[in-house]
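Input: a single structure, listed below in structure tokens.
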Amino acid sequence: MKKLFWLLDVNSEVREQKPEVWVWGIDDKGQRILIIEQNFPAYFYLVVKDGCSTRSVTAAITTRQTEFPLILKLESVSRKYFGKPVDAVKVYCRSPDVVSKYAKAMAKIEGVKESLEDDIRYAMRYLIDTSASPCSWHEIEVEETSNTRGVQVDKLYTAKSPPERVEEVAFPQLRILGFSIIAYCQRGAPKPDKNPVVIISVAASNGKEQQFIARNSNDKPVLEGFIKCVRDFDPDVIVGYGTNRQDWNYLTARARKHCLKLLVDRASTEPHTSVYGHVSLTGRASVDLFDLADELPEVKVKTLENVADFLGVMKLGKRILPEDIDYATHWEDSRKHPSLVKFSKEKTQSIMGVARAMLDFAIQLSNLAGIPLDHVGTAAVGFRIEWYLVREACKIGELIPKRLERPYIPYAGAVVLEPKPGVHENIAVLDFKAMYPNIMITRNVSPDTYVGSSEPEPSSGVNVAPEVGHRFRKEPSGFYREVLSGLIASRDEIRPKLSKLNPKSPEYRTLDARQKAVKVITNAAYGYTGWIGARWYVKPVAEAATAWGRDIIMSTVNTAKKIGLEVVYSDTDSVFVNNDPSKIAELSEKIVKEVGLEMKPDKVYTRVLFTEAKKKYCGLLPDGRLDIVGLEVVRGDWANCAKNVQERVLEIILKQQAPKKAAEFVRNYIVDLRQKKASYRDLIIWKTLTKPVEEYQVKAPHVEAAKRLMRERYELSMGDKIGYVITLGAGKLYEKAKPYVLASYDEVDTEYYVTNQIVPAASRILSMLGIAEEELLPIAIPKTKTLGDFSK
DNA sequence: GCATGAAAAATACCC
DNA sequence: ACGGGTATTTTTCATGCG
């Protein structure tokens with residue numbers, strides 16, 4: 001019978017030496033199903049050397065049959081590799097477990113150049129070859145079987161055909177469960193071997209909320225309650241914050257401590273760490289919203305509370321914050337206990353809210369990139385585009401290159417022009433939309449069209465990149481041209497549909513998420529080719545794209561000048577010119593003819609201030625908002641007090657054009673700061689630990705602060721943000737930096753904040769308007785000089 | 001031994 | 001573990017002086 005289903009997760013199993021692909025889904029009736037495919041073969045390729053035949057390779061393998069007992073069959077095939085035709089032997093195996101071993105051994109056979117695609121995992125192979133994709137609908141021929149596997153589904157089927165994609169925008173009703181845990185310990189970070197999980201708060205997409213609270217710190221009933229709760233609700237998606245790095249491991253370890261097993265998936269196995277460091281729950285999608293928060297660059301310190309605040313889920317001022325909680329006393333003190341319980345509940349509510357705001361995008365990205373929903377957040381940008389390319393490559397018969405270790409060789413990027421410092425009125429910003437993708441499309445720049453420097457020119461002719469001279473075949477269309485024009489076209493199809501929809505409708509949300517996912521993949525294509533970790537790393541491709549980019553933007557700047565437009569700034573794909581519509585129209589026309597790329601007006605600034613530095617400016621938009629770029633205001637490593645002062649200064653300068661007033665504001669703020677009227681929170685400086693603390697070559701303030709935290713038994717690792725304040729005392733800055741959680745306002749060195757935070761941030765702007773640093777400091781109260789003063 | 005300035009390390013931004 | 005270009009702060013090193 002035919003079955004319509006939405007693909008949720010996929011995994012593979014080997015049973016009695018026979019491989020199986022398990023496809024988990026939801027059917028059109030809302031039943032949770034597992035479809036087992038038992039006839040999908042594992043395989044890899046042996047590329048044959050020039051001048052050798054696939055026949056001789058096949059014969060060589062056959063004579064050594066005893067070494068390779070699990071070969072299913074051998075097939076001679078024609079494929080392409082970096083655009084060039086190659087002959088290969090496709091080696092089918094009875095088990096995915098022998099693929100890598102066989103490939104390694106057979107690569108040494110006479111006449112074999114190399115093995116390929118033996119590094120594509122079996123379950124992924126199935127998705128790629130059948131064109132099935134997570135988070136979308138498929139139709140498949142199946143046969144119902146009895147559930148003898150002990151899996152938690154409504155129906156179990158055996159696959160009788162490959163799945164086929166069915167275009168359908170609407171999702172099934174997903175059951176989503178959110179949770180957060182509170183572990184309790186006296187000091188520092190809780191350890192699962194000693195410290196219990198005292199509260200687990202759960203919320204479900206049906207609106208139900210539940211809390212499991214320990215009595216006398218015995219967490220066994222808490223864990224049992226949670227496990228039962230998950231199994232009873234049977235969610236498709238489980239969301240949390242920090243689940244990959246913490247919660248799942250902690251819960252699994254605590255369960256073991258009580259001789260329990262944390263069986264919360266659909267196959268009665270424990271959570272297990274899988275590719276890209278995500279924790280997998282078989283048959284469900286476990287999504288860690290912390291990983292997805294990387295998509296929100298505006299949020300500098302990625303706590304759940306900050307993310308929820310940014311997304312408008314739960315405002316910071318209307319909730320209990322972690323810094324208000326001391327786990328030890330809140331757990332033990334019966335009067336404070338309720339606020340800890342409430343805090344935990346609010347965390348899970350935030351998680352559900354953040355999930356509602358971000359899951360649509362994750363689902364679309366999963367579907368587009370073809371990687372399971374639980375991998376999407378942890379897979380780096382490079383891997384997301386890579387899986388998309390892998391699928392596209394298979395469709396056109398391109399073999400997938402292996403991942404290689406390569407040396408890093410830098411190459412030239414974009415041009416950035418010196419801005420004309422000061423305030424300018426009525427400035428238009430024009431830019432090339434998707435400049436690098438369009439360069440690659442128009443010049444046919446692609447890994448498979450690159451003509452190496454020693455190769456003869458192909459008959460179709462070549463496009464030659466300026467400056468660097470790299471050549472690219474004009475015909476036929478390259479892999480990248482096909483992929484990128486397809487992506488751009490699909491985004492162009494979505495846009496008009498969006499404008500017809502109500503932004504609050506589910507269709508709009510889905511399409512908007514789709515459009516964003518397409519954009520992410522499109523924009524990653526250029527950088528990917530220049531990444532040494534990429535399967536399709538071809539440095540000349542990246543180098544040619546930037547060379548054409550430089551050529552195009554310089555032509556634009558020069559043409560603008562010829563027309564009589566003043567160029568006040570330019571960065572990569574944009575030019576900032578005086579807003580003269582007729583000249584701008586003339587420029588656009590000339591440029592499209594000259595370089596073949598379209599340039600469009602992006603925005604107009606009523607007034608814009610440039611500093612002397614590149615990449616730092618602030619524009620006033622017609623609606624009165626400030627567009628702040630690169631300045632301290634938008635940086636996460638400046639204290640809030642300095643950022644707030646700078647923002648206010650910019651506002652006074654650009655809206656009221658009153659530099660004196662701005663200076664006065666700064667002076668007044670400093671007076672207040674010296675009296676400690678600023679909030680302690682506004683004095684915290686946040687910096688990221690980019691490597692383990694012991695690997696640092698210099699003593700940096702945030703690293704020393706991190707070490708202090710570690711002495712207090714906090715667990716810190718790469719990527720963590722360290723919040724510290726500068727305290728009073730002598731010596732180097734790193735000696736005075738203290739984690740904000742361990743310091744108090746009394747010890748704060750307010751003069752540091754005046755001299756090294758407020759004044760530089762304010763002066764960055766005000767020095768452009770002729771205001772010296774001294775004018776930003778409050779006037780010292782004139783006093784009669786004493787003998788003591790003279791004697792100094 | 002110490003002040004000074006240049007270089008290196010580290011981070012976060014822009015596009 | 002996508003790219004290069006850029007600004008900035010703090011630490012560290014090198015140098016010259018006395």
Measure all distances between protein nitrogen or oxygen atoms and nitrogen or oxygen atoms of nucleotides 2-4 of chain C, and list the pairs falling under 3.5 Å.
from	atom 1	to	atom 2	distance (Å)
C/dC2	O2	A/A524	O	3.4
C/dG4	OP1	A/Y408	OH	3.3
C/dG4	O3'	A/Y411	O	3.3
C/dG4	O3'	A/G413	N	2.6

Give each protein N/O atom lying under 3.5 Å from an N/O atom of nucleotides 1-7 of chain B, with the pair distance.
none

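Note: NZ (A/K616) to P (C/dT9) measures 8 Å, nearest angstrom. A/Y734 has its OH atom 16 Å from the P atom of B/dT11, to the nearest Å. Regarding A/F576, its CZ atom lies at a distance of 10 Å from the C1' atom of B/dC14, rounded to whole Å. Straight-line distance from the CH2 atom of A/W638 to the C1' atom of C/dT10: 12 Å, rounded to whole Å. Atom CD of A/E695 is separated from atom C1' of B/dA10 by 14 Å (rounded to the nearest Å). Rounded to whole Å, the distance from CG on A/L631 to P on C/dA7 is 13 Å. The CG atom of A/L733 sits 10 Å away from the C1' atom of C/dT11 (whole-angstrom rounding). Between the CG atom of A/D573 and the P atom of C/dG5 there is a distance of 15 Å, rounded to whole Å.
The shortest distance between the side-chain N/O atoms of A/K614 and the OP1/OP2 oxygens of B/dC13 is not below 4.0 Å. Contact check, A/R764 against C/dT9: a side-chain N or O comes under 4.0 Å of OP1 or OP2. Taking only side-chain nitrogens and oxygens, A/H702 never comes nearer than 4.0 Å to OP1 or OP2 of B/dA10. For A/K721, a side-chain nitrogen or oxygen approaches OP1 or OP2 of B/dA12 to under 4.0 Å. Dashed line: the shortest gap from a side-chain N or O of A/Y752 to OP1 or OP2 of C/dT10 is under 4.0 Å.
Using modelled atom types, one finds no donor on one side chain facing an acceptor on the other under 3.5 Å when comparing A/T449 with A/R481.
Of the candidates B/dC13, C/dT12, B/dA12, the closest approach to any side-chain atom of A/K699 belongs to C/dT12. Relative to the side chain of A/Q697, the nucleotides B/dT11, C/dA7, B/dA9 differ in distance, and B/dA9 lies closest.
Within 6.0 Å of the NZ atom in A/K402, the count of heavy atoms belonging to other residues, nucleotides or ligands exceeds 12. For CD of A/E747, the number of neighbouring non-hydrogen atoms (other residues, nucleotides, ligands) closer than 6.0 Å is greater than 12. More than 12 non-hydrogen atoms from other residues, nucleotides or ligands lie less than 6.0 angstrom from NZ of A/K539.
Classification of the A/F479-A/W536 ring pair by plane angle, with boundaries at 30° and 60°, yields tilted. Ring planes of A/H470 and A/Y450: perpendicular class, angle over 60° (limits at 30 and 60°).
Residue A/K539 is out of contact with every strand shown, counting any heavy-atom pair closer than 4.0 Å. Residue contacts for A/Y617: at a heavy-atom cut-off of 4.0 Å it reaches the sugar-phosphate backbone alone, with no base atom in range. In this structure, A/V634 reaches the sugar-phosphate backbone alone: every heavy-atom distance under 4.0 Å involves primed, P, OP1 or OP2 atoms, never a base. Residue A/K300 is in sugar-phosphate contact alone, with no base atom involved, counting any heavy-atom pair closer than 4.0 Å across all strands shown. A/G630 comes within contact range of the sugar-phosphate backbone alone, with a heavy-atom separation under 4.0 Å but no base atom that close.
Ion pair A/D627/A/R625 not flagged as a salt bridge, since none of the NZ, NE, NH1 or NH2 atoms sits closer than 4.0 Å to an Asp/Glu carboxylate oxygen. Ion pair A/E386/A/R535 flagged as a salt bridge, since at least one NZ, NE, NH1 or NH2 atom sits closer than 4.0 Å to an Asp/Glu carboxylate oxygen.
Applying the salt bridge (Lys or Arg N to Asp or Glu O under 4.0 Å) definition to pairs two or more places apart or across chains, those involving residues 760-777 of chain A are A/E632-A/R764.
What you find for A/V538 and A/P447 is that their closest heavy atoms are CG2-CB, 3.8 Å.
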